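Just the heavy atoms: all of them, side chains too, but no hydrogens, waters or symmetry mates, feed the values below. What you are looking at is a predicted structure, and each value in this text was computed from that prediction instead of being measured.
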Amino acid sequence: MTRRLRLWLLAAGGAGVAALLVAAGLALPAFGSRWHPYGERAVRASLARHTANTIASVNFDQRAYDTLGETSILFAAVLGCLVLLRQARDEYRAQPRPAEVARPVRRYALIVLPVALLTGVYVIAHGQLSPGGGFQGGVVAATALHLLYLGADYRALERVRPLGVFDVCDALAVSAYVVLGLAGLLAGTAFLANTLLPYGTFNMLSSGGTVPLLNAAVGMEVASAVVLLLASFLDQAVEIEEERGS
């Protein structure tokens with residue numbers, strides 16, 4: 001295939017995509033309109049399944065399969081980082097030396113740590129009721145642990161984040177999401193269909209059917225993944241050094 005033919009094919013493909021984008025843009029509702037076809041359907045489905053947070057309903061019910069893909073991407077990305085940043089043969093683990101921490105920084109970090117951790121757990125637990133959910137709460141909970149690194153030292157952080165446990169939690173969380181989807185197939189419905197559990201009372205923690213379970217699985221996966229990822233980078237910066245003389 002010649003260069004000119006490749007350029008013509010690229011131009012034809014680009015023109016086709018541009019035409020589709022223009023057609024889609026012209027079919028959008030008028031700017032500032034209060035009615036949107038997708039929004040109306042999403043809100044209606046969310047209310048029908050007693051999920052107060054419509055975004056959570058979209059993520060873990062109406063588009064739960066897409067969320068599985070996003071969770072799998074995060075899992076694969078963290079796994080790749082762990083493989084790439086693992087200790088090499090020409091490296092050794094040096095014991096980190098505690099650094100001097102200003103007393104106000106130490107006091108503030110140790111006071112905020114439990115508050116931030118509790119906030120992350122709250123955001124995960126109430127994902128089907130209020131803004132937030134597993135993705136946001138997982139990041140908050142994982143980064144809250146690292147306030148101990150700022151307020152104390154690296155050894156103190158190591159004691160509260162056993163990486164082996166977080167490895168298992170990360171894998172279990174992704175597996176739990178898939179198992180919930182397969183349970184729908186075994187029950188005679190679609191994969192990840194929200195038909196396994198009763199929808200409960202609207203605006204209560206137990207409402208939403210399988211939405212709270214999928215949300216909790218994602219929160220557990222995100223928190224574990226972020227802890228593992230930060231641990232890999234901190235190990236490189238604090239502990240792992242090149243072999244002396246190399």
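Between I55 and F60 the shortest side-chain heavy-atom distance does not fall below 4.5 Å. Side-chain atoms of V222 and F75, non-hydrogen and from C-beta on, never get closer than 4.5 Å to each other. The shortest distance between side-chain heavy atoms of F135 and E70 falls below 4.5 Å. Between S207 and L129, the closest side-chain pair of non-hydrogen atoms falls below 4.5 Å. Contact check for V78 versus V226: no side-chain heavy atoms found under the 4.5 Å cut-off. Side-chain atoms of L147 and Y108, non-hydrogen and from C-beta on, never get closer than 4.5 Å to each other. A 4.5 Å side-chain heavy-atom check between E221 and L74 finds at least one atom pair inside the cut-off. Side-chain contact between L230 and R161 is absent, with no heavy-atom pair separated by less than 4.5 Å.
Closest non-hydrogen pair, A217 versus A176, comes out as CB-CB, 4.4 Å. Shown here for V140 and T143, the closest heavy-atom pair between the two residues is O-OG1, 3.1 Å. Closest approach of V218 to Y177, counting heavy atoms only: CG2-CE1, 3.6 Å. Annotation for N203 and A52: closest pair OD1-CB, 3.7 Å, computed over non-hydrogen atoms. Heavy-atom minimum distance, S130 versus N53: O-ND2, 3.0 Å. The heavy-atom pair separating L205 from P212 by the smallest distance is O-CG, 4.0 Å.
Cluster membership check: M220 does not share its hydrophobic cluster with V121, using side-chain heavy-atom separations under 4.5 Å among Ile, Leu, Val, Met, Phe, Trp and Tyr. If you chain together hydrophobic residues whose side chains sit under 4.5 Å apart, V160 and L234 fall into the same group. There is a path of hydrophobic side-chain contacts, each under 4.5 Å, that joins L229 to L85. A single hydrophobic cluster is not seen to contain both M204 and L213; linkage of ILVMFWY side chains at heavy-atom distances under 4.5 Å, directly or through other members, places them apart. Following chains of ILVMFWY side-chain contacts shorter than 4.5 Å, one cannot reach L180 starting from V174, and the two form parts of different hydrophobic clusters.
The backbone N or O of A42 lies less than 3.5 Å from a partner atom in the side chain of Q62, making a donor-acceptor pair. A donor-acceptor pair is defined here as one N or O able to donate and one able to accept, closer than 3.5 Å; no such pair exists between the side chain of T54 and the backbone of S46.
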Enumerate donor-acceptor pairs with a distance under 3.5 Å from any side-chain N or O in residues 3-13 to protein atoms, sequence neighbours excluded.
unit_1: R6; atom_1: NH1; unit_2: M1; atom_2: O; d: 3.0

Show the atom names and distances, to 0.1 Å, of all donor-acceptor pairs under 3.5 Å that link a side chain in residues 181-201 to residues at least two apart or in another chain.
unit_1: T189; atom_1: OG1; unit_2: G184; atom_2: O; d: 2.9
unit_1: T189; atom_1: OG1; unit_2: T195; atom_2: OG1; d: 3.2
unit_1: N194; atom_1: OD1; unit_2: T210; atom_2: N; d: 2.9
unit_1: N194; atom_1: OD1; unit_2: T210; atom_2: OG1; d: 3.2
unit_1: N194; atom_1: ND2; unit_2: D61; atom_2: OD2; d: 3.1
unit_1: N194; atom_1: ND2; unit_2: G208; atom_2: O; d: 3.0
unit_1: Y199; atom_1: OH; unit_2: N194; atom_2: O; d: 2.8

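In this structure, L150 CG and L110 CG are separated by 10.0 Å, a value rounded to the nearest 0.5 Å. With rounding to the nearest 0.5 angstrom, the CG atom of L145 is 8.0 Å from the CG atom of L148. Atom OG in S224 sits 11.0 Å away from atom CG in L163 (nearest 0.5 Å). Atoms CD and OG, from Q128 and S206 in turn, are 8.5 Å apart once rounded to the nearest 0.5 Å.
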- Report the C-alpha separation of L214 and T67 in whole Å, then their side-chain angles, then the decisive distance to 0.1 Å, and conclude whether the side chain to side chain contact (heavy atoms under 4.5 Å, CB included) test is met. CA-CA 10 Å; L214 294 175; T67 303; over 6 Å; no
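In this view, H126 and Y122 satisfy the ring-ring contact (aromatic ring centres under 6.0 Å, His included) rule, not counting sequence neighbours.
In the displayed structure, Y65 atom OH is contacted under 6.0 Å by at most 12 heavy atoms of other residues, nucleotides or ligands.
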